[in-house]
Every structure is written in C-alpha cells, then in structure tokens.
Protein chains: 2
Amino acid sequence: MILEKKKMFNDFAAAKGLRSTRQRDIILDIFLSTHQHISVEDLYFKVKSSNPGVGHATVYRTLKLFVECGLAREVLFYDGQTRYEHVVAGEHHDHLVCTNCNSIVEFENETIEMLQNEIAARHGFQIKGHKLEIYGLCSSCRRQ
Amino acid sequence: MILEKKKMFNDFAAAKGLRSTRQRDIILDIFLSTHQHISVEDLYFKVKSSNPGVGHATVYRTLKLFVECGLAREVLFYDGQTRYEHVVAGEHHDHLVCTNCNSIVEFENETIEMLQNEIAARHGFQIKGHKLEIYGLCSSCRRQ
DNA sequence: ATTAATAATGAAAACGACTATCAAAACCAA
DNA sequence: TTGGTTTTGATAGTCGTTTTCATTATTAAT
Ligand SMILES: [Mn+2]
Ligand SMILES: [Mn+2]
Ligand SMILES: [Zn+2]
Ligand SMILES: [Zn+2]
C-alpha cells in the first residue's frame with residue numbers, strides 16, 4: 001500500500017523529469033503515515049520534529065505535487081487552513097463537519113452524486129468536481 | 001421588499017442594542033441595490049463612490065451584522081474572496097461555478113436536501129447548514 | 001439643550017496563510 | 001569530477017481580513 005504509493009510518486013516524478021530529493025521522500029513518508037485531513041502547518045511540524053532542516057515552502061510545494069500526482073486531495077473546511085487527505089483509488093466521499101469540535105465524518109451517497117450529474121447536465125455544465133459539506137453538531141457535542 | 005429588509009435590520013439592531021448610524025444605513029442601501037454574490041471589496045468601492053468617508057473596516061463589520069440578522073449569507077467560491085448574497089425568506093439554493101469564467105448558476109434540489117438530512121440523522125448530526133458547489137465548465141466556456 | 005457614558009468609526013498596523021524571490025545547496029547526466 | 005539545472009530554505013512580500021485605538025457620533029439622563 002505505502003510502497004505502492006511511493007512508486008506512484010516516483011513514477012510521476014520520473015515522468016515529469018523531477019529530481020529525487022531527500023526532502024520529498026521525507027514529506028511523502030510522513031504524509032503517508034498520517035490520517036485524515038492534515039493541515040500544511042501540522043504536517044510541517046511533524047516533518048520538522050524528525051527533520052528540523054526542512055523548510056516551510058518545501059512542504060507547501062511538495063503537497064501540491066502530491067495532489068498533481070493523484071496521491072492527495074485538497075480539502076478546505078473554512079477554518080482558513082488548507083488540509084490534505086489521502087486519495088483512495090476509485091473512492092470518493094464528502095464530509096460532515098462538526099462546527100463545535102471540528103470532528104469530521106466521511107460519507108458516500110451515490111444518489112446525490114447522480115443528482116449532481118443531472119443538475120450539471122441540465123445546465124450544460126461539464127463537471128470537474130464538487131464540494132459537499134454538511135455542517136452541524138456531532139452526536140457527542142449535541143449532548144453537552 | 002427593500003423597506004421590509006430595512007425594517008428587518010432596524011428591528012435586529014434595536015433588539016441587539018446597536019446604535020443607528022449613517023454608515024450602516026448607507027451600506028445597507030447599497031447592499032440591497034446589488035445582485036448576486038458581491039465581494040466585500042466590490043461593495044466597499046460601491047460605497048466609497050458615493051460616500052468616500054466610509055472605511056474599509058466598517059463595511060466588513062456591517063456585512064457580518066447583515067448575516068447575523070438574516071439579511072445576507074456568506075458565500076465562498078475559493079477565489080480567496082468572501083462574497084455575500086441576499087437571503088430570500090424561505091428559499092435556499094446551491095451553486096454551479098464555472099472554473100473558467102467564474103459565472104454562477106443557482107439551483108435548488110429538494111431530493112438532495114432531503115438526502116442530506118437523512119445522512120446527518122444517520123450519523124447523529126444536528127444540521128446547521130451545508131455547502132454544495134459543483135465546479136466545472138459552463139456551456140459557453142465548453143464551446144471555446 | 002447640555003452633559004456624560006458608551007458605542008461606532010476609520011486610519012493604520014497587525015495578522016495569518018500562503019507565495020515569490022534568490023543565493024546556496026543538491027542532483028544528475030556527461 | 002564537472003557543469004548545467006533543479007531544488008531548497010530563509011526571508012520578504014502578498015492579500016484578504018481583523019484588530020487597535022484615538023477620535024467622533026449616538027443616546028439616555030439631566
Ligand atoms: Mn475526507
Ligand atoms: Mn447564490
Ligand atoms: Zn462535535
Ligand atoms: Zn464559464
């Protein structure tokens with residue numbers, strides 16, 4: 001799984017004529033070891049803790065490469081920070097976001113996806129992507 | 001319609017113990033005269049053109065009051081600017097956004113709204129709001 | 001009307017996430 | 001090795017927005 005993704009990035013880099021660097025390897029390793037919607041800042045701190053030399057800008061730059069090669073997806077939940085999540089091949093999901101504790105639940109809904117296609121078609125749009133987020137209070141925040 | 005909305009704001013302000021100011025009246029007038037998803041910057045320039053004295057910060061502050069009182073809704077389409085649109089009582093819509101020319105088409109879909117409620121209920125969420133944006137190429141941008 | 005308390009304003013500075021710059025370092029093909 | 005090219009990281013800059021704070025306006029009480 002992880003090796004597979006590393007290969008994915010290496011192939012992408014090779015095809016693009018990118019050089020192989022220690023920094024990109026480190027950032028990929030650490031990104032692959034994280035779960036769910038990590039902010040650039042958090043990833044940067046994780047990287048720094050084991051590799052103090054790595055710079056801010058490199059983390060930003062490298063995450064964009066991950067998106068370009070299909071390893072990561074940019075997610076924005078309006079706390080003003082860009083987050084990245086892992087792309088799982090053939091999978092797509094949207095998010096329930098708790099406005100109190102910021103916890104996130106992922107969900108999939110075929111019907112909604114289908115309806116979106118219909119809506120786009122009806123308006124002559126060629127869909128490139130979409131963003132569906134449901135905001136509210138998660139079950140544990142409701143109780144308190 | 002416009003008088004109704006002005007009353008709405010006045011009532012809100014009174015209930016909140018806000019003072020009535022020339023600036024807030026001006027900004028409300030001009031906001032009510034605009035259409036669809038205006039950015040703070042654009043509204044600020046509109047305000048300035050007839051009332052050069054009004055400050056940047058006041059426009060930002062006042063728009064937040066409009067949202068709080070239910071007159072306006074914040075919309076973010078990821079060009080990095082916050083936009084505001086008019087709230088029409090009892091109406092809700094989502095957006096198709098052209099990634100090429102930035103044009104926006106509004107749509108409503110009962111089924112999707114219903115499915116969102118189901119999804120939230122299934123996960124124990126109490127919905128506060130949602131955001132559904134479909135990104136793609138509009139019909140005229142497709143042709144070119 | 002005058003006053004006094006307090007809220008609102010606007011110019012300017014600060015903020016925060018991100019991007020650009022650029023000299024130094026790393027990479028890699030020859 | 002060498003040398004051309006890419007990448008890096010410190011730092012400065014950008015941009016939308018928020019904060020600060022001295023000044024001004026509003027309002028309720030006199
Ligand atoms: Mn997710
Ligand atoms: Mn709209
Ligand atoms: Zn919660
Ligand atoms: Zn278009």
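If you're wondering where the values come from, they're calculated on a predicted model, not measured in any experiment. We name chains A, B, ... by the order of the sequence lines, and we start the count at 1 in each one.
No contact: B:E41 has no heavy atom under 4.0 Å from any strand. Contacts of B:K16 with the nucleic acid, taken as non-hydrogen atoms under 4.0 Å apart, are absent. Backbone-only contact: B:G53 has heavy atoms under 4.0 Å from sugar-phosphate atoms and none from a base.
Taking the six-membered ring where tryptophan is involved, the planes of B:H86 and B:F31 are essentially parallel, since the angle between them stays under 30° and well short of 60°. Ring geometry, B:H92 versus B:H130: the interplanar angle exceeds 60°, so the pair is classed perpendicular (tilted spans 30 to 60°).
A donor-acceptor contact shorter than 3.5 Å is absent between the side chain of B:T58 and the backbone of B:V54.
Shown here are the salt bridge (charged side-chain N to carboxylate O under 4.0 Å, His left out) partners of A:D11, two or more places apart in sequence or in another chain: A:K7.
Checking the phosphate oxygens (OP1, OP2) of C:dT19, a side-chain nitrogen or oxygen of A:K64 falls inside 4.0 Å. Taking 4.0 angstrom as the limit, B:Y60 places a side-chain polar atom (N or O) nearer than this to OP1 or OP2 of D:dT17.
Taking atom CZ of residue A:F77 and atom P of nucleotide C:dA17, one finds them 17 Å apart after rounding to whole Å. Atoms CG (B:N51) and P (C:dT9) sit 13 Å apart, rounded to a whole Å. When the P atom of D:dA12 is taken as reference, atom NE2 of A:H56 falls 15 Å away, rounded to whole Å. Here the C1' atom of nucleotide C:dA17 and the OH atom of B:Y78 are 14 Å apart, to the nearest Å. Between A:R83 atom CZ and C:dG16 atom P the separation is 16 Å, expressed in whole Å. If you take CZ of B:F45 and P of D:dG16, they are 10 Å apart, rounded to a whole angstrom. Following rounding to the nearest Å, A:Y84 (OH) and C:dA17 (C1') show an atom-to-atom distance of 11 Å. Atom CG of B:L65 is separated from atom C1' of C:dT9 by 13 Å (rounded to the nearest Å).
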- Item | Verdict with reasoning, B:F77 to B:T82, per side chain to side chain contact (heavy atoms under 4.5 Å, CB included) | CA-CA 8 Å; B:F77 294 132; B:T82 303; over 6 Å; no
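Between A:R24 and A:K48, the one whose closest nucleotide on DNA chain D sits nearer the 5' end is A:R24.
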- Task: Quick one, give me the B/S/- string for nucleotides 19-30 of chain D, reading 5' to 3', where B means a protein heavy atom under 4.0 Å from the base and S means that only happens at the primed atoms, P, OP1 or OP2.
- Result: BB----BBS---
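Follow the hydrophobic side-chain contacts under 4.5 Å out from B:I127 and you never reach A:V97; the two are in separate clusters. The hydrophobic cluster containing A:V105 also contains A:I134, counting ILVMFWY residues as joined when their side-chain heavy atoms lie under 4.5 angstrom apart, directly or transitively.
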